[in-house]
Amino acid sequence: MSSSFDEFQSNLESLPTILQKKYALLHDLDKSLQEIQRQNSLRCEQEIEDIKRGLRTGIIAPGSSLVRFSHDALDEQKHSVRIADEKVALAAQAYDLVDAHVQQLDQYLRNFDEELRRERESAAVAAAENVLPSSSADGVAKSGRTEGGRGGRKKTRMVTAAAAQVAATEAASSFPSGMELDLPVDPNEPTYCYCNQVSFGDMVACDNPECKIEWFHFGCVGVKETPKGKWYCADCAVLKNRRKGRS
């Protein structure tokens, strides 16, 4: 793509010179057209006066073939039309030339965006592969619990989410400032919490094994740090209290 883009850039640099020549030719044609039209207007006015004078004096009879413009006047008018057509054709050439460069530039930009998108995805995947395994292992070791337990599952979810966030941050930092990291979202990725979004940041699990939602973002449930002991979401807490009241 680099060589083809260099070729396009070279052609683009010559575009102003080509357009300048066409516009200069348009200017010359326009001056010639105005002069021919001025001369033809004077000629036609003079011939009209001559015809009127001939009709008054009887030299020219009404309906005679002499009641018309001369061949010179008609030729000047035809020449004016030809010059006008040349102007239109020249203007169309200039427009098509610019339009072709614009379309070519649009295509290069689309190709460049596609390459940049693939590079972003590759960088994000590489960063995630480098961060997630070690971070998850450290998180499980520090918790002292296995994923089979309720508490272990809660700790693992939070560490994994945090590791993913670190991976995304490191991937984004590898690009120039101000460039957004627009990564596609997997439509098959499960969603959680009341907000019905994918897992991100710190999350806490409801200790009700029958909880329909199960995982919640800290911010969505007003939690600022990992709860000590058992924690229930608002819906499960209501059910739990109702069961206590019945018993």
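All of these numbers come straight from a predicted model, not from anything done at the bench.
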Do [X] and [Y] come within less than 4.5 Å of each other through their side chains, counting heavy atoms only?
X: F69; Y: I48; result: yes
X: Y232; Y: N241; result: no
X: K31; Y: H27; result: yes
X: E189; Y: S199; result: yes
X: L55; Y: K52; result: no
X: W231; Y: V221; result: yes
X: H79; Y: I83; result: yes

(message) For E225, is the CD atom crowded, meaning more than 12 foreign heavy atoms sit under 6.0 Å from it?
(response)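 No, not enclosed.
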Can you tell me how far apart [atom1] ([X]) and [atom2] ([Y]) are? Round to the nearest 0.5 Å.
X: L97; Y: K22; atom1: CG; atom2: NZ; result: 7.0 Å
X: Q39; Y: E76; atom1: CD; atom2: CD; result: 6.0 Å
X: D113; Y: R117; atom1: CG; atom2: CZ; result: 10.0 Å
X: Q34; Y: S80; atom1: CD; atom2: OG; result: 11.0 Å
X: L105; Y: R110; atom1: CG; atom2: CZ; result: 9.5 Å
X: D96; Y: Q103; atom1: CG; atom2: CD; result: 9.5 Å

(request) Answer yes when D50 and R53 have at least one side-chain N-carboxylate O distance shorter than 4.0 Å, and no when they do not. (result) yes
For residues [X] and [Y]: do they belong to one hydrophobic cluster (side chain heavy atoms under 4.5 Å, members Ile, Leu, Val, Met, Phe, Trp, Tyr)?
X: L29; Y: L19; result: yes
X: V102; Y: I18; result: yes
X: V238; Y: F216; result: no
X: V88; Y: V98; result: no
X: V204; Y: L239; result: no

(message) side chain to side chain contact (heavy atoms under 4.5 Å, CB included) for V81 and D85? Distances and angles first, verdict last.
(response) CA-CA 6 Å; V81 173; D85 290 340; 3.9 Å; yes
(message) Among residues at least two apart in sequence or on other chains, which ones pass side chain to side chain contact (heavy atoms under 4.5 Å, CB included) with N196?
(response)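 Result, side chain to side chain contact (heavy atoms under 4.5 Å, CB included) vs N196: T191.
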Nearest heavy atoms of [X] and [Y], plus distance in Å:
X: Y192; Y: V198; result: CD1-C, 4.4 Å
X: N40; Y: Q77; result: OD1-CG, 3.2 Å
X: Y23; Y: A94; result: CE2-CB, 4.2 Å
X: N208; Y: C236; result: ND2-SG, 3.2 Å
X: I213; Y: C193; result: CG2-N, 3.2 Å

(request) List the steps, then state whether side chain to side chain contact (heavy atoms under 4.5 Å, CB included) holds for E49 with E45. (result) CA-CA 6 Å; E49 289 299 326; E45 289 177 0; 5.8 Å; no
(message) Any side-chain to backbone donor/acceptor pair from D30 onto L26? Under 3.5 Å, distance only.
(response) no
(message) Can a side-chain donor-acceptor contact be found between Q46 and R43 if the only test is distance below 3.5 angstrom?
(response)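 Per modelled atom types, R43 and Q46 side chains form no pair under 3.5 Å.
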(request) Can you sort out the partners of R38 under salt bridge (Lys or Arg N to Asp or Glu O under 4.0 Å), two or more places apart, ordered by chain and number? (result) E35
